Amino acid sequence: MADREASGSTGRAATLSDVAKLAGVSIATASKAINGRDQVAPATRQRVMAAAEKISFTPNELARSLINGRTGTVGLLTSDLEGRFVIPILMGAEDAFGAGQVNVFLCDARGDSIREQHHLKALLTRRVDGIIVVGRQTDPRPSLGHDIPVPVVYAYAPSDDPTDISITPDNRAGGRLAVEHLISCGRRRIALISGDPSFAAAQDRSVGVTEALRDAGLELVGSPMYSDWSEHWGRDASAMLLRQFPDVDGIVCGSDQIARGALDTLRDLGREVPGDVAVIGYDNWEILATNSRPGLTTIDANLQQLGRAAATRIFDALEGTEVASGTEHLPVRLVIRGSTIPRR
(Lines give C-alpha, C1' and ligand atoms only; values in the text may rest on other atoms or scores of the structure.)
Protein backbone atom coordinates (compact mmCIF):
# COMPACT_ATOMS: atom_id res chain seq x y z
CA MET A 1 0.00 0.00 0.00
CA ALA A 2 2.79 2.38 0.89
CA ASP A 3 4.42 1.72 -2.48
CA ARG A 4 1.22 2.52 -4.37
CA GLU A 5 0.64 5.65 -2.32
CA ALA A 6 4.20 6.86 -2.83
CA SER A 7 4.12 6.46 -6.59
CA GLY A 8 0.49 7.35 -7.00
CA SER A 9 -2.46 5.21 -8.03
CA THR A 10 -2.32 6.29 -11.68
CA GLY A 11 0.81 4.32 -12.50
CA ARG A 12 2.88 7.48 -13.01
CA ALA A 13 6.65 7.40 -12.56
CA ALA A 14 7.90 8.03 -9.04
CA THR A 15 9.15 11.57 -8.39
CA LEU A 16 11.65 13.06 -6.00
CA SER A 17 8.72 14.33 -3.92
CA ASP A 18 7.55 10.72 -3.52
CA VAL A 19 11.02 9.69 -2.32
CA ALA A 20 11.17 12.58 0.16
CA LYS A 21 7.71 11.76 1.54
CA LEU A 22 8.48 8.07 1.96
CA ALA A 23 11.85 8.80 3.62
CA GLY A 24 10.39 11.49 5.86
CA VAL A 25 12.75 14.24 4.67
CA SER A 26 12.47 17.45 2.69
CA ILE A 27 12.76 17.47 -1.10
CA ALA A 28 16.03 19.40 -0.79
CA THR A 29 17.50 16.73 1.52
CA ALA A 30 16.35 13.93 -0.80
CA SER A 31 17.98 15.71 -3.74
CA LYS A 32 21.26 16.15 -1.85
CA ALA A 33 21.29 12.48 -0.80
CA ILE A 34 20.61 11.15 -4.31
CA ASN A 35 23.19 13.48 -5.88
CA GLY A 36 25.90 12.42 -3.41
CA ARG A 37 26.37 15.79 -1.73
CA ASP A 38 28.26 15.95 1.56
CA GLN A 39 25.69 17.82 3.66
CA VAL A 40 23.59 14.69 4.36
CA ALA A 41 24.14 12.38 7.34
CA PRO A 42 24.99 8.77 6.35
CA ALA A 43 21.87 7.40 8.06
CA THR A 44 19.66 9.91 6.26
CA ARG A 45 21.29 9.14 2.91
CA GLN A 46 20.74 5.42 3.47
CA ARG A 47 17.06 6.03 4.30
CA VAL A 48 16.58 8.15 1.17
CA MET A 49 18.30 5.62 -1.08
CA ALA A 50 16.22 2.81 0.41
CA ALA A 51 13.06 4.80 -0.28
CA ALA A 52 14.18 5.49 -3.85
CA GLU A 53 14.84 1.80 -4.45
CA LYS A 54 11.51 0.82 -2.90
CA ILE A 55 9.48 2.91 -5.36
CA SER A 56 11.83 2.33 -8.32
CA PHE A 57 13.07 5.92 -8.47
CA THR A 58 16.33 6.61 -10.31
CA PRO A 59 18.37 9.85 -10.56
CA ASN A 60 17.01 10.34 -14.06
CA GLU A 61 13.57 10.70 -12.49
CA LEU A 62 14.91 13.97 -11.09
CA ALA A 63 15.12 15.19 -14.66
CA ARG A 64 11.67 13.82 -15.48
CA SER A 65 10.12 15.62 -12.52
CA LEU A 66 11.91 18.78 -13.65
CA ILE A 67 10.49 18.40 -17.15
CA ASN A 68 6.97 17.66 -15.95
CA GLY A 69 4.84 20.69 -16.80
CA ARG A 70 7.84 22.72 -18.05
CA THR A 71 9.87 23.12 -21.23
CA GLY A 72 12.69 20.87 -20.08
CA THR A 73 15.34 23.40 -21.09
CA VAL A 74 17.94 25.30 -19.08
CA GLY A 75 20.18 28.12 -20.29
CA LEU A 76 23.88 28.26 -19.49
CA LEU A 77 25.18 31.79 -20.05
CA THR A 78 28.96 32.15 -19.97
CA SER A 79 31.82 34.56 -20.61
CA ASP A 80 34.47 31.83 -20.56
CA LEU A 81 35.96 32.20 -24.02
CA GLU A 82 38.35 29.24 -23.75
CA GLY A 83 35.89 26.77 -22.25
CA ARG A 84 38.35 25.65 -19.58
CA PHE A 85 35.88 26.34 -16.80
CA VAL A 86 32.48 26.23 -18.46
CA ILE A 87 32.85 22.79 -20.08
CA PRO A 88 33.37 20.81 -16.84
CA ILE A 89 30.63 22.89 -15.18
CA LEU A 90 28.31 22.07 -18.09
CA MET A 91 29.19 18.37 -17.78
CA GLY A 92 28.37 18.43 -14.07
CA ALA A 93 25.06 20.19 -14.67
CA GLU A 94 24.07 17.66 -17.33
CA ASP A 95 24.93 14.82 -14.93
CA ALA A 96 22.58 16.29 -12.33
CA PHE A 97 19.75 16.96 -14.76
CA GLY A 98 20.06 13.53 -16.37
CA ALA A 99 21.77 13.11 -19.74
CA GLY A 100 19.30 13.52 -22.58
CA GLN A 101 16.45 14.46 -20.24
CA VAL A 102 17.02 18.22 -20.13
CA ASN A 103 18.30 20.33 -23.01
CA VAL A 104 20.99 22.82 -22.02
CA PHE A 105 21.42 25.87 -24.27
CA LEU A 106 25.01 27.15 -24.07
CA CYS A 107 25.46 30.85 -24.89
CA ASP A 108 28.85 32.60 -24.93
CA ALA A 109 28.64 36.33 -24.23
CA ARG A 110 32.39 36.74 -24.91
CA GLY A 111 32.72 39.16 -22.00
CA ASP A 112 30.35 41.65 -23.70
CA SER A 113 27.45 42.94 -21.56
CA ILE A 114 25.36 43.84 -24.63
CA ARG A 115 25.82 40.37 -26.10
CA GLU A 116 24.96 38.90 -22.70
CA GLN A 117 21.64 40.78 -22.64
CA HIS A 118 20.90 39.59 -26.17
CA HIS A 119 21.50 35.97 -25.17
CA LEU A 120 19.44 36.43 -22.00
CA LYS A 121 16.45 37.67 -23.99
CA ALA A 122 16.85 34.78 -26.44
CA LEU A 123 16.87 32.24 -23.60
CA LEU A 124 13.77 33.75 -22.01
CA THR A 125 12.03 33.77 -25.39
CA ARG A 126 12.69 30.03 -25.54
CA ARG A 127 10.98 29.80 -22.13
CA VAL A 128 13.88 28.08 -20.39
CA ASP A 129 13.10 26.79 -16.92
CA GLY A 130 16.22 28.27 -15.34
CA ILE A 131 19.56 29.92 -16.09
CA ILE A 132 23.08 29.11 -14.86
CA VAL A 133 25.51 32.01 -15.29
CA VAL A 134 29.17 30.94 -15.50
CA GLY A 135 32.02 33.46 -15.23
CA ARG A 136 35.59 33.04 -16.43
CA GLN A 137 37.13 34.14 -13.11
CA THR A 138 36.02 34.12 -9.48
CA ASP A 139 35.65 37.90 -9.17
CA PRO A 140 32.09 39.02 -8.39
CA ARG A 141 30.17 39.92 -11.54
CA PRO A 142 27.15 42.22 -12.06
CA SER A 143 23.82 40.66 -11.18
CA LEU A 144 21.26 40.08 -13.92
CA GLY A 145 18.70 41.56 -11.56
CA HIS A 146 15.53 40.19 -10.05
CA ASP A 147 13.10 40.81 -12.89
CA ILE A 148 13.92 37.47 -14.52
CA PRO A 149 10.91 35.11 -14.33
CA VAL A 150 12.98 31.92 -13.83
CA PRO A 151 15.54 30.80 -11.21
CA VAL A 152 19.09 32.05 -11.80
CA VAL A 153 22.23 30.54 -10.24
CA TYR A 154 25.70 32.08 -10.60
CA ALA A 155 28.53 29.53 -10.86
CA TYR A 156 32.28 30.12 -10.51
CA ALA A 157 31.93 33.94 -10.69
CA PRO A 158 29.54 34.94 -7.89
CA SER A 159 26.98 37.70 -8.29
CA ASP A 160 27.74 41.06 -6.67
CA ASP A 161 24.22 40.98 -5.22
CA PRO A 162 24.17 39.05 -1.92
CA THR A 163 20.49 38.22 -2.43
CA ASP A 164 21.32 36.13 -5.51
CA ILE A 165 22.30 32.45 -5.39
CA SER A 166 26.02 31.99 -6.11
CA ILE A 167 28.40 29.01 -5.97
CA THR A 168 32.17 29.36 -6.27
CA PRO A 169 35.27 27.28 -5.40
CA ASP A 170 36.89 27.92 -2.02
CA ASN A 171 40.19 29.39 -3.24
CA ARG A 172 41.23 30.38 0.26
CA ALA A 173 40.93 26.77 1.39
CA GLY A 174 42.81 25.75 -1.75
CA GLY A 175 45.78 27.92 -0.77
CA ARG A 176 45.78 26.37 2.69
CA LEU A 177 45.57 22.86 1.24
CA ALA A 178 48.58 23.50 -1.02
CA VAL A 179 50.77 24.64 1.88
CA GLU A 180 49.59 21.89 4.22
CA HIS A 181 50.56 19.32 1.60
CA LEU A 182 54.04 20.82 1.13
CA ILE A 183 54.56 20.92 4.91
CA SER A 184 53.47 17.27 5.15
CA CYS A 185 56.19 16.52 2.58
CA GLY A 186 58.79 18.07 4.92
CA ARG A 187 59.06 21.47 3.24
CA ARG A 188 59.72 24.52 5.40
CA ARG A 189 61.08 27.18 3.00
CA ILE A 190 57.97 27.86 0.93
CA ALA A 191 57.44 30.65 -1.62
CA LEU A 192 54.42 31.80 -3.64
CA ILE A 193 54.34 32.67 -7.35
CA SER A 194 50.89 33.71 -8.56
CA GLY A 195 49.08 35.51 -11.36
CA ASP A 196 47.37 38.86 -11.85
CA PRO A 197 46.94 40.43 -8.38
CA SER A 198 43.72 42.14 -9.48
CA PHE A 199 42.03 38.73 -9.64
CA ALA A 200 40.11 37.60 -6.57
CA ALA A 201 41.52 34.10 -7.11
CA ALA A 202 45.10 35.33 -6.72
CA GLN A 203 44.30 37.20 -3.51
CA ASP A 204 42.16 34.45 -1.98
CA ARG A 205 44.77 31.77 -2.65
CA SER A 206 47.47 34.01 -1.21
CA VAL A 207 45.45 34.51 1.98
CA GLY A 208 45.09 30.75 2.37
CA VAL A 209 48.82 30.24 1.83
CA THR A 210 49.87 32.80 4.45
CA GLU A 211 47.27 31.54 6.96
CA ALA A 212 48.48 27.95 6.66
CA LEU A 213 52.12 28.99 7.05
CA ARG A 214 51.30 31.11 10.10
CA ASP A 215 49.37 28.24 11.70
CA ALA A 216 52.44 26.04 11.20
CA GLY A 217 54.75 28.63 12.75
CA LEU A 218 56.37 29.42 9.40
CA GLU A 219 56.71 32.49 7.21
CA LEU A 220 56.52 32.88 3.45
CA VAL A 221 59.93 33.06 1.81
CA GLY A 222 60.07 36.58 0.39
CA SER A 223 56.90 38.35 -0.72
CA PRO A 224 54.18 36.87 -2.96
CA MET A 225 55.27 37.24 -6.59
CA TYR A 226 52.45 38.42 -8.89
CA SER A 227 52.21 38.98 -12.63
CA ASP A 228 50.24 37.06 -15.28
CA TRP A 229 48.91 33.52 -15.43
CA SER A 230 51.52 32.18 -17.85
CA GLU A 231 54.35 29.68 -18.16
CA HIS A 232 56.63 32.56 -19.18
CA TRP A 233 56.01 34.29 -15.83
CA GLY A 234 56.55 31.00 -14.01
CA ARG A 235 59.97 30.62 -15.63
CA ASP A 236 61.06 34.20 -14.95
CA ALA A 237 59.69 34.39 -11.41
CA SER A 238 61.24 31.11 -10.28
CA ALA A 239 64.63 32.21 -11.66
CA MET A 240 64.42 35.46 -9.67
CA LEU A 241 63.24 33.57 -6.60
CA LEU A 242 66.12 31.12 -6.62
CA ARG A 243 68.69 33.87 -7.11
CA GLN A 244 67.40 35.64 -3.99
CA PHE A 245 66.53 32.57 -1.91
CA PRO A 246 68.55 29.55 -3.09
CA ASP A 247 67.40 27.50 -0.10
CA VAL A 248 63.73 27.48 -1.13
CA ASP A 249 62.41 23.92 -0.93
CA GLY A 250 58.74 24.41 -1.86
CA ILE A 251 56.88 26.61 -4.35
CA VAL A 252 53.12 27.19 -4.41
CA CYS A 253 52.03 28.36 -7.86
CA GLY A 254 48.76 30.20 -8.49
CA SER A 255 48.03 28.18 -11.63
CA ASP A 256 49.22 25.09 -13.45
CA GLN A 257 50.64 27.26 -16.24
CA ILE A 258 52.85 29.12 -13.76
CA ALA A 259 53.89 25.81 -12.22
CA ARG A 260 54.88 24.39 -15.61
CA GLY A 261 57.16 27.40 -16.14
CA ALA A 262 58.69 26.93 -12.69
CA LEU A 263 59.43 23.28 -13.48
CA ASP A 264 61.25 24.34 -16.66
CA THR A 265 63.49 26.78 -14.76
CA LEU A 266 64.23 24.33 -11.97
CA ARG A 267 65.30 21.73 -14.52
CA ASP A 268 67.45 24.30 -16.37
CA LEU A 269 69.16 25.24 -13.11
CA GLY A 270 69.88 21.63 -12.19
CA ARG A 271 67.40 21.51 -9.29
CA GLU A 272 65.75 18.14 -8.81
CA VAL A 273 61.94 18.10 -8.47
CA PRO A 274 60.76 17.07 -5.97
CA GLY A 275 64.07 16.12 -4.34
CA ASP A 276 65.42 19.66 -4.01
CA VAL A 277 62.26 21.70 -4.55
CA ALA A 278 58.63 20.56 -4.48
CA VAL A 279 56.18 22.40 -6.75
CA ILE A 280 52.39 22.52 -6.56
CA GLY A 281 50.04 24.14 -9.08
CA TYR A 282 46.37 25.10 -9.13
CA ASP A 283 43.39 24.22 -11.40
CA ASN A 284 44.27 20.60 -12.34
CA TRP A 285 44.33 21.50 -16.02
CA GLU A 286 45.01 17.90 -16.99
CA ILE A 287 46.63 18.52 -20.37
CA LEU A 288 49.32 20.51 -18.53
CA ALA A 289 49.47 18.65 -15.24
CA THR A 290 49.73 15.13 -16.59
CA ASN A 291 52.26 16.01 -19.31
CA SER A 292 54.61 17.98 -17.06
CA ARG A 293 58.02 16.60 -16.15
CA PRO A 294 57.42 15.34 -13.51
CA GLY A 295 53.63 15.14 -13.33
CA LEU A 296 52.24 18.18 -11.51
CA THR A 297 50.63 18.02 -8.09
CA THR A 298 47.81 20.54 -8.12
CA ILE A 299 44.59 21.77 -6.52
CA ASP A 300 41.41 20.79 -8.36
CA ALA A 301 38.49 23.23 -8.12
CA ASN A 302 35.94 20.41 -8.51
CA LEU A 303 34.17 22.19 -11.37
CA GLN A 304 31.95 19.24 -12.29
CA GLN A 305 30.71 19.17 -8.71
CA LEU A 306 30.14 22.93 -9.02
CA GLY A 307 27.97 22.30 -12.09
CA ARG A 308 26.01 19.58 -10.31
CA ALA A 309 25.41 21.90 -7.36
CA ALA A 310 24.21 24.72 -9.64
CA ALA A 311 21.80 22.38 -11.41
CA THR A 312 20.49 21.12 -8.08
CA ARG A 313 19.82 24.70 -6.94
CA ILE A 314 17.81 25.28 -10.13
CA PHE A 315 15.86 22.11 -9.49
CA ASP A 316 15.23 23.01 -5.84
CA ALA A 317 13.91 26.45 -6.82
CA LEU A 318 11.58 24.95 -9.44
CA GLU A 319 10.26 22.49 -6.87
CA GLY A 320 9.47 25.37 -4.52
CA THR A 321 12.18 24.43 -2.04
CA GLU A 322 13.73 27.41 -0.29
CA VAL A 323 17.25 27.96 -1.61
CA ALA A 324 19.62 30.02 0.53
CA SER A 325 20.85 33.22 -1.10
CA GLY A 326 24.41 34.47 -0.90
CA THR A 327 27.69 32.89 -1.97
CA GLU A 328 28.46 29.27 -1.15
CA HIS A 329 32.13 28.24 -1.32
CA LEU A 330 32.48 24.62 -2.40
CA PRO A 331 35.43 22.46 -1.27
CA VAL A 332 38.43 21.92 -3.53
CA ARG A 333 40.68 18.85 -3.57
CA LEU A 334 44.34 17.93 -3.76
CA VAL A 335 45.59 15.84 -6.71
CA ILE A 336 49.02 14.38 -5.94
CA ARG A 337 51.53 13.69 -8.70
CA GLY A 338 55.30 13.52 -8.97
CA SER A 339 56.21 17.20 -8.44
CA THR A 340 55.79 16.89 -4.66
CA ILE A 341 56.20 13.17 -3.94
CA PRO A 342 58.78 11.01 -5.78
CA ARG A 343 57.24 8.33 -8.03
CA ARG A 344 58.68 4.84 -7.74
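Please read these numbers as outputs of a predicted model, since none were measured by experiment.
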For [X] and [Y], test the side chains for any donor-to-acceptor distance below 3.5 angstrom and give the result as yes or no.
X      : Y      : value
Ser198 : Asp196 : yes
Thr297 : His181 : no
Ser166 : Asp164 : no

Check: [Y] main-chain N/O paired with [X] side-chain donor or acceptor under 3.5 Å:
X      : Y      : value
Arg333 : Ile299 : no
Ser339 : Val279 : yes
Ser206 : Ala202 : no
Thr73  : Asn103 : no
Asp283 : Trp285 : no
Trp233 : Tyr226 : no
Arg260 : Leu288 : yes
Gln137 : Ala157 : no
Tyr154 : Pro140 : no
Asp249 : Arg188 : yes

Exercise. Yes or no on side-chain contact (heavy atoms from CB on, under 4.5 Å) for Leu120 and Ile148, after CA distance, side-chain angles and deciding distance?
Worked result: CA-CA 9 Å; Leu120 177 60; Ile148 299 173; 4.1 Å; yes
Indicate, with yes or no, if [Y] and [X] share a hydrophobic cluster defined by side-chain heavy-atom contacts under 4.5 Å among Ile, Leu, Val, Met, Phe, Trp and Tyr.
X      : Y      : answer
Val221 : Ile193 : yes
Val133 : Ile167 : no
Val323 : Tyr156 : yes
Val207 : Leu220 : no
Ile258 : Val273 : yes

Return yes when atom [atom1] of [X] has more than 12 non-hydrogen atoms of other residues, nucleotides or ligands closer than 6.0 Å, and no otherwise.
X      : atom1 : result
Met91  : CE    : no
Arg172 : CZ    : no
Arg267 : CZ    : yes

Separation of [Y] [atom2] from [X] [atom1] (nearest 0.5 Å):
X      : Y      : atom1 : atom2 : value
Glu322 : Asp316 : CD    : CG    : 11.0 Å
Ile87  : Gln304 : CD1   : CD    : 11.0 Å
Leu106 : His119 : CG    : NE2   : 9.0 Å
Ile114 : Glu116 : CD1   : CD    : 11.0 Å
Ile190 : Thr210 : CD1   : OG1   : 12.0 Å
Leu192 : Met225 : CG    : CE    : 9.5 Å

Exercise. Taking the six-membered ring of Tyr282, is NZ or CZ of Arg205 closer than 6.0 Å to its centre and within 45° of its axis?
Worked result: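 That pair qualifies as a cation-pi contact.
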Do the side chains of [Y] and [X] get nearer than 4.5 Å, heavy atoms only?
X      : Y      : answer
Pro342 : Pro274 : yes
Asn302 : Pro169 : no
Arg271 : Pro246 : yes
Met49  : Val19  : no

Exercise. Going through the checks in order, is the salt bridge (Lys or Arg N to Asp or Glu O under 4.0 Å) test met by Asp215 and Arg176?
Worked result: CA-CA 10 Å; Asp215 290 349; Arg176 292 188 64 96; 2.7 Å; yes
For this session: Begin from the C-alpha positions of Val128 and Val74 and carry the test side-chain contact (heavy atoms from CB on, under 4.5 Å) through to its verdict.
Result: CA-CA 5 Å; Val128 295; Val74 170; 5.7 Å; no
Nearest heavy-atom neighbours spanning [X] and [Y]:
X      : Y      : value
Pro151 : Ile314 : O-CD1, 3.6 Å
Gly281 : Thr298 : C-OG1, 3.3 Å
Ala259 : Cys253 : CA-SG, 3.6 Å
Val332 : Ala173 : CG2-C, 4.4 Å
Leu182 : Ala278 : CD2-CB, 3.8 Å
Thr327 : Pro158 : OG1-CB, 3.7 Å

Exercise. Can Arg337 and Asp300 be said to form a salt bridge (Lys or Arg N to Asp or Glu O under 4.0 Å), step by step?
Worked result: CA-CA 12 Å; Arg337 299 188 179 95; Asp300 191 315; over 6 Å; no
For this session: Apply the test side-chain contact (heavy atoms from CB on, under 4.5 Å) to residues Arg187 and Val277: give CA-CA distance (whole Å), side-chain angles for both, the deciding distance (0.1 Å), then the verdict.
Result: CA-CA 8 Å; Arg187 311 300 164 155; Val277 183; 5.5 Å; no
Exercise. Can Asn284 and Glu286 be said to form a side-chain contact (heavy atoms from CB on, under 4.5 Å), step by step?
Worked result: CA-CA 5 Å; Asn284 195 27; Glu286 290 202 7; 4.0 Å; yes
